[in-house]
Amino acid sequence: MKVAVTYENEQIFQHFGHTEKFKIYTILDGKIVSAEVIDTNGSGHGALAGFLSSLKADILICGGIGAGAQNALNQAGIKLYGGCSGNCDEAVSAFINGQLEFNPNVRCSHHDHDAHHSCGNHGCGSHNCG
C-alpha cells in the first residue's frame with residue numbers, strides 16, 4: 001500500500017492544490033518499509049490526482065482540499081484523509097494504527113475570500129480548511 005502526504009518541512013501541508021511535494025510511504029504488513037519526498041514539478045490542482053495515481057498512491061493524507069480535487073481523487077480510487085495537520089510521520093503512524101479520522105466532508109474554504117489572499121503564505125491554518 002502507498003500513502004501520500006502533502007509535505008512541507010516534515011509537516012502536513014495545508015492546501016492540497018498548492019502542494020509542491022508529497023512524502024510517499026510504502027506500507028507492508030502494518031509497517032513503513034520506505035518513505036521518500038517527491039516533487040510535484042509544478043503540477044497544480046487538476047493534475048495532482050493524476051500525479052498521485054501515477055505513483056500508485058492508495059491513500060492521501062492532507063489538510064484542506066477543495067471539492068473538485070476530492071472528486072478527482074475519488075475517480076482515481078484514492079481514499080482521502082483530509083483536514084489533518086501536524087507531523088507527516090505521526091499521521092501515517094496514526095493511519096496504520098487505525099487512529100486517523102476519516103472526514104469525507106472536509107472542504108477548503110480559501111476560495112471564498114479575498115482574491116489577493118495566498119494560502120501558501122500561512123498554510124490555510126487561520127480559516128478552517130478542515
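- Applying the salt bridge (Lys or Arg N to Asp or Glu O under 4.0 Å) test to pairs two or more places apart or on separate chains, none has a residue in residues 65-75.
- The side chain to side chain contact (heavy atoms under 4.5 Å, CB included) check on Asn9 picks up nothing, with sequence neighbours excluded.
- By the side-chain hydrogen bond (donor to acceptor under 3.5 Å, both in side chains) test, Asp89 is found to be paired with Lys23, Tyr25, residues two or more places apart in sequence or in another chain being considered.
- For the side-chain hydrogen bond (donor to acceptor under 3.5 Å, both in side chains) test, residues two or more places apart in sequence or in another chain that qualify with Ser34 are Thr26.
- Proximity of Ile38 to Tyr7: side-chain heavy atoms (C-beta onward) are nowhere separated by under 4.5 Å.
- Atom CG of Leu60 sits about 5.5 Å away from atom CD1 of Ile65, to the nearest 0.5 Å.
- The side chain to side chain contact (heavy atoms under 4.5 Å, CB included) check on Ala57 picks up Ala4, Leu52, with sequence neighbours excluded.
- Residues passing the side-chain hydrogen bond (donor to acceptor under 3.5 Å, both in side chains) test with Ser93: none are found, sequence neighbours excluded.
- Residues Leu48 and Phe22 form a side-chain contact, since some pair of their non-hydrogen atoms from C-beta on lies under 4.5 Å apart.
- Applying the salt bridge (Lys or Arg N to Asp or Glu O under 4.0 Å) definition to pairs two or more places apart or across chains, none involves residues 28-37.
- Residues passing the ring-ring contact (aromatic ring centres under 6.0 Å, His included) test with Phe95, sequence neighbours excluded: Tyr81.
- The side-chain hydrogen bond (donor to acceptor under 3.5 Å, both in side chains) test applied to Glu90 returns no partner, not counting sequence neighbours.
- Atoms CD1 and CD1, from Ile59 and Ile27 in turn, are 8.0 Å apart once rounded to the nearest 0.5 Å.
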